Enquirer: 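Take a look at this one; I'll ask things after.
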There are 2 protein chains.
Amino acid sequence: MNSSAPVFAREPVTRERAVRAAMVLADAGGIESLSMRKLARELGVEAMSLYYHVKSKDDVLDGMVDGVFGEIPLPPLGTEWKSAMRDHSEAVRSVLTRHPWAIALVDTRTSPGAATLGHLDGVIAFLLQSGFSMSMAAHAMSLLDSYVHGFALQETSLPLSESGDISAATEDIMRQQHLMSEAFPHLAAMAEELVLKPGYAYGNEFGFGVGLILQGLETALADAEESARV
Amino acid sequence: MNSSAPVFAREPVTRERAVRAAMVLADAGGIESLSMRKLARELGVEAMSLYYHVKSKDDVLDGMVDGVFGEIPLPPLGTEWKSAMRDHSEAVRSVLTRHPWAIALVDTRTSPGAATLGHLDGVIAFLLQSGFSMSMAAHAMSLLDSYVHGFALQETSLPLSESGDISAATEDIMRQQHLMSEAFPHLAAMAEELVLKPGYAYGNEFGFGVGLILQGLETALADAEESARV
DNA sequence: CTTGACACCATACGGTGTAAGGTGATGTCA
DNA sequence: TGACATCACCTTACACCGTATGGTGTCAAG
């Protein structure tokens with residue numbers, strides 16, 4: 001019978017393949033549309049078969065988070081730290097907006113995977129090698145990570161068009177502009193004078209924030225060095 | 001019959017009451033344990049009765065987010081802006097850690113309520129009145145909000161004890177310390193030299209971050225004024 | 001006495017994660 | 001060769017979820 005030797009057999013499911021497929025599904029339809037049954041169908045398999053390779057759905061989610069961190073390149077050792085960290089921040093923001101579900105997941109997953117830990121390790125290594133003390137490195141990472149994640153969080157929850165400007169939302173806002181000016185005059189003024197101006201893109205705020213933080217870190221670093229020299 | 005005049009009748013359900021009860025449930029058991037059936041039971045009612053007062057579960061979630069923003073006091077007009085914004089940042093962080101589910105919700109809800117808009121309006125008003133230009137106010141709000149939300153996000157996803165130190169997680173970490181030192185030496189070093197030291201609390205990083213950002217904003221503000229004077 | 005709004009409820013449908021227990025193909029060893 | 005274990009997958013079932021549909025009793029106004 002032909003069932004004996006399926007030459008072009010379906011590739012066997014693995015944890016990796018399952019996680020990768022889950023990431024694709026979440027990218028396409030949002031994290032809330034990811035179910036074990038749909039994931040199984042995508043892999044050409046029944047739902048319960050996944051549990052042979054994966055402990056639970058949470059296990060899949062943990063894998064997805066780790067997959068996201070795995071996509072972020074580390075700042076290359078030996079380069080000037082300010083521009084390297086600027087590029088790195090941009091890289092993190094870019095993968096978080098490429099996988100908008102990731103930020104929500106980070107909130108609930110508390111068991112980091114190998115890629116996540118490796119990522120942390122790499123950034124610490126880079127900062128120490130750039131002359132940061134251990135506690136300044138911790139300051140810098142906490143500050144930058146918080147800002148970048150928070151920015152990505154805000155950015156994805158905005159009703160923006162893909163181009164990054166507010167054209168998609170403008171129409172709705174305009175329709176309510178009148179009501180808003182009465183109840184929230186300052187908010188309306190900001191919208192009118194700034195946000196609704198052609199060319200405004202919320203994403204531009206990111207550069208300002210990262211620049212300000214890096215500048216502040218440089219100052220703090222110099223202060224620490226000076227007080228150590230005395 | 002006694003059914004004709006229940007003098008101490010059950011208080012009727014309203015949207016407000018439902019939202020408030022939902023917040024209490026989410027505070028107690030996490031957002032993922034909040035279901036329409038449990039919420040109804042809490043209000044002494046059947047699940048479908050909620051839909052008379054509320055459009056959908058998403059509607060409840062929108063209300064919860066708005067309720068959180070309503071808990072945040074606005075910076076009082078007339079006070080010095082740096083200390084006012086420092087206090088305000090601490091206030092935001094405090095309500096976000098009091099309602100850990102809120103940060104995850106902000107990610108998915110894109111239709112802000114009245115309290116949310118009023119909050120934004122109040123902060124804009126405060127900054128303008130403190131001498132910020134419109135674009136500097138936007139910079140400041142984006143930067144501080146992103147940082148505060150991001151910090152709260154990281155803080156809640158950490159396996160911390162309530163006291164804010166790492167005692168609860170220490171044991172597990174210690175057990176894996178050996179493995180970690182081999183695979184992630186820098187991360188292990190940071191844990192050993194800094195995080196596991198008695199008295200360390202991740203929450204302390206918040207003050208450093210807010211201080212650095214406020215200092216940077218002050219500098220940017222002065223630069224803008226100077227270049228305007230020339 | 002009728003009418004209609006109000007606040008609530010019963011039932012049902014299609015979805016979810018996953019526990020429990022098969023089923024057949026494959027490889028190992030007596 | 002035959003027995004047996006392991007692997008990768010499947011079937012069935014359960015408790016739970018959000019909510020569409022269509023009630024049902026109370027009450028005040030006409």
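Sequence lines set the chain letters: A, B, ... in the order given, protein chains first and strands last, and positions in each chain run from 1. Fair warning: this is a prediction, and the values are worked out from it, not measured in the lab.
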Enquirer: Could you state the atom-to-atom distance from CG of B:Leu43 to P of C:dA7 in whole Å?
Expert: 15 Å
Enquirer: Hey, is the side chain of B:Ser35 poking within less than 4.0 Å of OP1 or OP2 on D:dC17, counting only N and O atoms?
Expert: yes
Enquirer: Which residues within residues 51-68 of chain B lie with some heavy atom under 4.0 Å of an atom in DNA chain D?
Expert: B:Tyr51, B:Ser56, B:Lys57
Enquirer: When the distance from CG of B:Leu39 to C1' of D:dC16 is rounded to whole Å, what number comes out?
Expert: 16 Å
Enquirer: Got A:Ile103 and B:Leu153 here, is their nearest side-chain heavy-atom distance under 4.5 Å?
Expert: yes
Enquirer: Mind checking side-chain contact (heavy atoms from CB on, under 4.5 Å) for B:Asp59 and listing every partner two or more places apart, or none if nothing turns up?
Expert: B:Arg15, B:Val54, B:Lys55, B:Ser56
Enquirer: For DNA chain D, what residues of residues 27-34 of chain B have any heavy atom nearer than 4.0 Å?
Expert: B:Leu34
Enquirer: Under 4.5 Å between any side-chain heavy atoms of A:Leu212 and A:Phe208, yes or no?
Expert: yes
Enquirer: Looking only at the side chain of B:Met48 (C-beta and beyond, no hydrogens), which of the listed nucleotides D:dC9, C:dT11, C:dT18 gets closest?
Expert: C:dT11
Enquirer: Provide, to the nearest angstrom, the distance between the CE atom belonging to A:Met36 and the C1' atom belonging to D:dC17.
Expert: 17 Å
Enquirer: What's the CZ-C1' distance between B:Arg41 and D:dC16, to the nearest Å?
Expert: 11 Å
Enquirer: Fit a plane to each ring of B:Tyr202 and B:Phe151, take the angle between them on a 0 to 90° scale, and name the class: parallel (under 30°), tilted (30 to 60°) or perpendicular (over 60°).
Expert: parallel
Enquirer: Grab the CZ-P distance between B:Arg15 and C:dA7 for me, whole Å please.
Expert: 16 Å
Enquirer: What's the spacing between A:His88 NE2 and A:Phe126 CZ if we round to 0.5 Å?
Expert: 9.5 Å
Enquirer: Measuring from B:Gln154:CD to A:Ser142:OG, what's the distance to the nearest 0.5 Å?
Expert: 6.5 Å
Enquirer: Check the surroundings of atom CD in A:Glu16: do more than 12 heavy atoms from other residues, nucleotides or ligands lie under 6.0 Å from it?
Expert: no
Enquirer: Taking the minimum atom-to-atom distance to the side chain of B:Val45, which one of C:dA10, D:dA13, C:dC8 wins?
Expert: C:dC8
Enquirer: Out of D:dC9, C:dT16, D:dT19, which has the shortest distance to the side chain of B:Ala47?
Expert: D:dT19
Enquirer: In whole angstroms, how far is the C1' atom of C:dT18 from the CZ atom of A:Arg37?
Expert: 9 Å
Enquirer: Going from CD1 on B:Ile124 to NE2 on B:His119, what distance comes out if it is rounded to the nearest 0.5 angstrom?
Expert: 10.0 Å
Enquirer: Could you tell me the separation between the CG atom of B:Leu50 and the P atom of D:dT19, rounded to a whole number of Å?
Expert: 11 Å
Enquirer: Roughly how far apart are B:Ile31 CD1 and A:Thr108 OG1, rounded to 0.5 Å?
Expert: 11.5 Å
Enquirer: B:Glu46 CD to D:dG23 P: how many Å, rounded?
Expert: 19 Å
